[in-house]
Undergrad: 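Dropping a structure here in structure tokens format, bear with me for questions.
All of these numbers come straight from a predicted model, not from anything done at the bench. Within every chain, numbering begins at 1; the chains are lettered A, B, ... in the order of the sequence lines, protein sequences first and strands thereafter.
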2 protein chains.
Amino acid sequence: MGRPPRTSRTEIMAAARRLIDRDGWETLTIRRLAAEAGIASTTLYHHVRDKDDLLSQLLDDYAEQMPRPDMPADPRERIITAATVIRETLAAWPWVVEVLIQDNQTGRAALWMVEKLLDGAIECGCTPEQAVDLYRSIWYYTAGEILIRAGRVHRRAENDHPARRDALLRAADATELPHLAALAERWATLTSRDTYSLGLRNLVDGYLRNLPDQGEPDRA
Amino acid sequence: MGRPPRTSRTEIMAAARRLIDRDGWETLTIRRLAAEAGIASTTLYHHVRDKDDLLSQLLDDYAEQMPRPDMPADPRERIITAATVIRETLAAWPWVVEVLIQDNQTGRAALWMVEKLLDGAIECGCTPEQAVDLYRSIWYYTAGEILIRAGRVHRRAENDHPARRDALLRAADATELPHLAALAERWATLTSRDTYSLGLRNLVDGYLRNLPDQGEPDRA
DNA sequence: GCTACTTTTCGAACATGTTCCTAAAGTCGC
DNA sequence: GCGACTTTAGGAACATGTTCGAAAAGTAGC
């Protein structure tokens with residue numbers, strides 16, 4: 001009972017996607033979204049806790065329609081694949097940043113990939129506890145990579161504002177920081193390469209090799 | 001020439017620290033900071049590009065006074081130590097989150113730790129390029145851990161708002177997600193443990209063992 | 001049909017980060 | 001000393017996320 005709703009969560013999500021597709025996600029504001037949905041701004045807050053919650057739900061809706069790739073037979077490769085798919089999926093939406101830092105647990109829609117990851121880890125010889133540890137490490141690594149990469153893009157071009165220190169590395173003292181100074185020229189190039197899968201593989205390898213009990217399940 | 005400044009960057013930083021120490025960092029707002037410094041809000045923007053820049057400078061100032069621990073002799077342990085110190089230092093201030101995602105490059109004050117890390121990596125047999133790769137992987141992992149951990153704390157207690165999905169894992173379908181379902185009870189416990197150094201060690205080990213040229217410098 | 005009761009909707013208002021424009025307060029050339 | 005010039009200071013105003021309280025719009029009991 002009570003007054004019947006004139007607005008549904010689904011309508012709101014649809015309006016949000018329309019707005020994002022049309023004008024870009026940066027222009028997605030509560031008031032604009034309300035206008036697009038034909039309701040008052042404050043009405044939104046009956047269907048959504050706050051803006052982070054809105055983005056979180058939006059991400060879930062998107063992720064739901066994501067194609068689920070078939071997994072390789074090798075369990076270690078399954079771990080790699082699952083992590084890579086998570087990363088690729090999240091990196092496609094810049095506003096994922098706002099969600100990730102608030103909604104730390106991976107959303108409902110990504111659970112099946114966590115499952116695949118745990119499954120691969122266990123088949124590689126992990127105990128369930130170790131599998132969770134490996135998952136968490138991978139998630140930290142992945143979330144950090146996404147956030148930092150998104151930050152780099154999202155960052156406005158550094159304007160010459162007062163009290164702004166840039167050319168951070170060029171000022172590197174050659175006697176105090178010899179390696180950094182030596183790398184200063186190439187730093188931008190080196191740090192803009194995509195080394196996600198390299199790091200991921202090394203992380204997974206390090207984990208699986210350091211298991212207390214057994215080593216690798218497939219003899220190399 | 002020009003009108004002489006009545007306000008200095010140093011005063012602003014001092015006022016900010018006073019405010020944070022007294023009332024907590026959540027109450028650090030531009031207007032309150034201006035009031036504490038005895039100036040108008042808009043005057044702040046002559047010394048600071050925006051709030052993120054303010055926090056970033058604040059972090060640098062803090063980090064500058066951070067004690068620099070002496071490094072162990074073993075190069076691999078130096079890597080671990082440097083990373084751990086970075087993590088510990090950053091994790092001490094909750095507002096670090098806002099800075100990290102914007103100011104992706106580690107600040108000026110943390111450069112010496114990056115240097116130590118590169119140094120350890122190179123002494124472990126890395127080329128400079130590989131050392132940078134290792135650094136970046138560690139940085140992703142560390143940043144992700146900090147952000148997610150801070151997010152968990154920073155998160156307001158989940159109130160029972162409509163359209164809020166919680167008990168994420170308890171709803172795990174036992175047939176679709178067997179491992180997650182099996183772990184559901186213990187999930188909260190397992191994911192609240194501090195596994196940073198475990199993951200860090202495995203990551204570093206994986207990297208150093210996978211170097212194309214040589215293996216481990218110190219024979220185990 | 002009328003009266004509780006419940007839920008949704010929304011206008012007003014607030015705090016915050018930020019920008020724009022104008023006024024103040026000096027220095028420099030003379 | 002005086003007018004250009006330059007830099008800082010600050011008031012007014014705007015967009016945004018969000019809260020509060022009251023009005024609207026139904027349902028259930030009688």
Undergrad: Take atom CD1 of B:I30 and atom P of C:dT19, then tell me their distance rounded to the nearest Å.
TA: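 Between P of C:dT19 and CD1 of B:I30: 11 Å.
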Undergrad: In whole angstrom, give the distance that lies between atom CG of B:L55 and atom P of C:dT18.
TA: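 Going from B:L55 (CG) to C:dT18 (P), I get 10 Å.
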Undergrad: Under 4.0 Å: is that the gap between some side-chain N or O of B:S41 and OP1 or OP2 of D:dG10?
TA: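 Answer is no, no contact under 4.0 Å.
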Undergrad: If you find the nucleotide of DNA chain D closest to B:G2 and the one closest to B:G38, which residue's nucleotide is nearer the 5' end?
TA: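 The residue whose closest nucleotide sits nearer the 5' end is B:G2.
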Undergrad: Between atom CD1 in A:I39 and atom C1' in D:dA24, what is the gap in whole Å?
TA: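 Roughly 16 Å, once rounded to whole Å.
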Undergrad: Nearest whole Å is fine: how far is C:dT3 C1' from A:M1 CE?
TA: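 Distance check: A:M1 CE to C:dT3 C1' gives 14 Å.
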Undergrad: Please give, in whole Å, the distance from C:dT16 P to B:L19 CG?
TA: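 After rounding, the gap between these two atoms is 11 Å.
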Undergrad: Among D:dA9, D:dT16, C:dG17, which is the nearest nucleotide to the side chain of B:H47?
TA: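 Side chain of B:H47 sits closest to D:dA9.
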Undergrad: Report the residue (B:R32 or B:R3) whose heavy-atom-nearest nucleotide on DNA chain C is the more 5′ of the two.
TA: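 It is B:R32, whose closest nucleotide lies nearer the 5' terminus.
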Undergrad: Should A:T7 be listed as having a side-chain N or O under 4.0 Å from OP1 or OP2 of C:dT8?
TA: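 Checking C:dT8 against A:T7, no side-chain N or O comes under 4.0 Å of OP1 or OP2.
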Undergrad: If you find the nucleotide of DNA chain C closest to A:S8 and the one closest to B:R31, which residue's nucleotide is nearer the 5' end?
TA: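 Of the two residues, A:S8 wins.
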Undergrad: Please check this pair: side chain of A:H47 against backbone of A:I12, looking for a donor-acceptor N/O pair closer than 3.5 Å.
TA: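 Between the backbone of A:I12 and the side chain of A:H47 there is no qualifying donor-acceptor contact (under 3.5 Å).
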Undergrad: Side-chain donor-acceptor pair under 3.5 Å between B:Q57 and B:D53, yes or no?
TA: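 Short answer, yes.
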Undergrad: Establish, for the pair A:R17 and A:Y62, whether the NZ or CZ atom is under 6.0 angstrom from the six-membered ring centre and no further than 45 degrees off its axis.
TA: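 Judged by the rule, A:R17 and A:Y62 form a cation-pi pair.
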Undergrad: Counting side-chain heavy atoms from CB outward, which of C:dT18, C:dT8, C:dT27 is closest to B:Y45?
TA: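 Within the option list, the nearest is C:dT18.
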Undergrad: Give the rounded distance in Å between these two atoms: NZ of A:K51 and C1' of D:dA15.
TA: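 The distance from NZ of A:K51 to C1' of D:dA15 comes to 11 Å, rounded to the nearest Å.
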Undergrad: How would you label the contact of A:T42 with the nucleic acid (heavy atoms, under 4.0 Å): base, sugar-phosphate, or nothing?
TA: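 Base: the residue A:T42, judged by heavy atoms under 4.0 Å, touches a nucleobase.
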Undergrad: Mind checking whether A:Y141 and A:Y196 have parallel, tilted or perpendicular rings, split at 30° and 60°?
TA: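 Ring orientation, 0 to 90° scale: parallel.
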Undergrad: With the side chain of B:P4 defined as its heavy atoms from C-beta on, choose the nearest nucleotide among C:dT18, C:dC10, C:dG26.
TA: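 Nearest listed nucleotide: C:dG26.
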Undergrad: May I ask you to check whether over 12 heavy atoms, not counting those of B:E176, lie within 6.0 Å of atom CD?
TA: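 Atom CD in B:E176 is not crowded, with 12 or fewer foreign heavy atoms closer than 6.0 Å.
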Undergrad: Can a side chain N or O of A:T43 be found less than 4.0 Å away from OP1 or OP2 on C:dC10?
TA: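 Affirmative; the distance criterion is met.
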Undergrad: What's the CG-P distance between A:D52 and D:dT18, to the nearest Å?
TA: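 In whole Å, D:dT18 P lies 7 Å from A:D52 CG.
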Undergrad: Between atom CD in B:E26 and atom P in C:dA15, what is the gap in whole Å?
TA: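 These atoms are roughly 18 Å apart.
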